[in-house]
2 protein chains.
Amino acid sequence: MTNRSNVTKQKLLDAATEIIMNHGVHHLTLDEVAKTAGVSKGGLLYHYASKEALLTAMVERLQQEQNELYASLQQEGYGPVEAFVRLFDETKLHPERAAIQIDVEKMIAFLTLFAVDQEYANRWKEDLDAFFEQFQKTADPVETMIIRYALEGMMMSEHFGVGVPPAELKQAIIARLIERAHDIDNQSEKQ
Amino acid sequence: MTNRSNVTKQKLLDAATEIIMNHGVHHLTLDEVAKTAGVSKGGLLYHYASKEALLTAMVERLQQEQNELYASLQQEGYGPVEAFVRLFDETKLHPERAAIQIDVEKMIAFLTLFAVDQEYANRWKEDLDAFFEQFQKTADPVETMIIRYALEGMMMSEHFGVGVPPAELKQAIIARLIERAHDIDNQSEKQ
DNA sequence: CTTTCTGTACCGACCAGACGGTTTGTTTGA
DNA sequence: TCAAACAAACCGTCTGGTCGGTACAGAAAG
């Protein structure tokens, strides 16, 4: 694959991501993606032969980004559970650390894509199933899963803007989740 | 409104609900709803002048069902938080109590609708915002919100079938959530 | 050196099907 | 008989995808 082709492909994925984030799934049309990327529809379909191919590539790219961020958090010394919690909040807790960038908004946007078409959700399933399996083998699987679920629920709530608590309460919630995750990781290590 | 009309309207809402649950949002078309309900499209549009009117009615019906169930749980003596937890699991914990029926699958299906079109989500927003406000005034708002988020996250996870824990672990999670909710309600009452 | 050829990257008109909604006609029950 | 309760053909729009063509960079041929 040439360099030029790659640049265009990234532009197309960026465009698709931008649209799904800022305008919603139902505006995610081929024409719109092409227009946003500054390419014609023909150009788009040259690189991605179908809408599904485009969206699949988009999902795969995000998946890879997530994995890399998680790995880098673990390399910084965080245990598996705490690293997971921080995955959701690193950017907002430490905006200065732009290098580590998880985009919760982006993840949420993708969730809506999965909601519409289970096919795309299934692309994550294998990876995520394997990932969450380790969560069932920590020192306290019940608490670990509660932490995990809470983060996912929080994400949804924020997305819909429904029942969103004031900032201080939200910080307190995250702080407590991190605290507990930390404890669990410590306990797990001692075993 | 005549009786006959009412029956057909319920059939239409049932059909729409069935489709969104079993086939996903993108199959939720007027033709499909009409066909499932055993009515022509003309017949459908006689009762609900637009797709939006149909879906709004569908959302409102669910909303009402939820409120009734929650109220009945509270009348049985459960505190606000515990009643909320049981809202998510009453059917599965006590399948014999068919009278009290919340359909988690159904709620989840509706979430996908909200994901696609924020408009429908906004119809709940006011109600839910008011509802969750009381959760910020319990004896332990942080824990209360964690419980709430965990339940919502659990719902999502089940829907996508991603990272679903074995049945025993799931029961243990719910048991612990109920336990904590119970404690919080007790503490709140003493204040 | 120039002409021809070839493959990559891209354009944009067009098409077919799906879908929401309209209109017109028909049945049915009080 | 009259209005409510449907049925069914039809329409316009939107959207994913096709298709014939263009621009251009290099390789091959003369």
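Because only heavy atoms are used, hydrogens play no part in the values below, and waters and symmetry mates are left out as well, while side chains stay in. A, B, ... follow the sequence lines: proteins, then strands. Residue 1 opens every chain.
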* Structure fact -> Here the distance between atom P of D:dA5 and atom NZ of B:Lys9, to the nearest Å, is 9 Å
* Structure fact -> Taking D:dC6, C:dA9, C:dC11 as options, the one with an atom nearest any side-chain atom of B:Val39 is D:dC6
* Mind checking what makes salt bridge (Lys or Arg N to Asp or Glu O under 4.0 Å) contact with A:Lys125, not counting sequence neighbours? -> A:Asp129
* Structure fact -> Those residues at least two apart in sequence (or on a different chain) that pass side chain to side chain contact (heavy atoms under 4.5 Å, CB included) with A:Ala175 are none
* To do: Could you state the atom-to-atom distance from CG of B:Leu12 to C1' of D:dA5 in whole Å?
  => 12 Å
* Which residue pairs pass the salt bridge (charged side-chain N to carboxylate O under 4.0 Å, His left out) test when at least one of the two sits in residues 145-154 of chain A, sequence neighbours left out? -> A:Arg148-A:Glu152
* Structure fact -> Applied to residues 48-60 of chain B, the salt bridge (charged side-chain N to carboxylate O under 4.0 Å, His left out) test, sequence neighbours excluded, yields B:Glu52-B:Arg123
* List in chain and number order the residues that pass ring-ring contact (aromatic ring centres under 6.0 Å, His included) with A:Tyr48, two or more places apart in sequence or in another chain; answer none if no residue qualifies. => none
* To do: Quickly work out the B:Tyr46 OH to C:dT22 P distance and round it to whole Å.
  => 16 Å
* To do: Could you tell me whether the side chain of A:Lys170 reaches within less than 4.5 Å of the side chain of A:Glu158, counting heavy atoms only?
  => yes
* Within this structure, what is the NE2-to-P distance between B:His47 and D:dA5, rounded to whole angstrom? -> 6 Å
* Can you list the stems that DNA chain C is part of, where a stem is at least 3 pairs in a row, each Watson-Crick or G-U, with both distances below 3.5 Å? -> C:1-30 with D:1-30
* To do: Could you name each residue pair satisfying salt bridge (charged side-chain N to carboxylate O under 4.0 Å, His left out) that touches residues 173-187 of chain A, not counting sequence neighbours?
  => A:Glu143-A:Arg180, A:Arg176-B:Asp140, A:Arg176-B:Glu143, A:Arg180-B:Glu143
Are there any protein N/O atoms within less than 3.5 Å of an N/O atom in nucleotides 26-30 of chain C, and if so, which ones and at what distance?
none

* Excluding sequence neighbours, so at least two apart, what forms ring-ring contact (aromatic ring centres under 6.0 Å, His included) with B:Tyr149? -> none
* To do: Quick one: sort the A:Phe131 and A:Phe84 rings into parallel, tilted or perpendicular, breaks at 30° and 60°.
  => tilted
* Which nucleotides of nucleotides 14-19 of chain D have their base under 4.0 Å from a protein heavy atom (B), which only their sugar-phosphate (S), and which neither (-), written as one string 5' to 3'? -> -SBBB-
* Any pair with a residue in residues 11-33 of chain A that passes salt bridge (charged side-chain N to carboxylate O under 4.0 Å, His left out), sequence neighbours left out, goes on the list, sorted by first then second residue, please. => A:Asp14-A:Arg61, A:Asp31-A:Lys41
* Does B:Asn186 have any side chain to side chain contact (heavy atoms under 4.5 Å, CB included) partners at least two apart in sequence or in another chain, and if so, which? -> B:His182
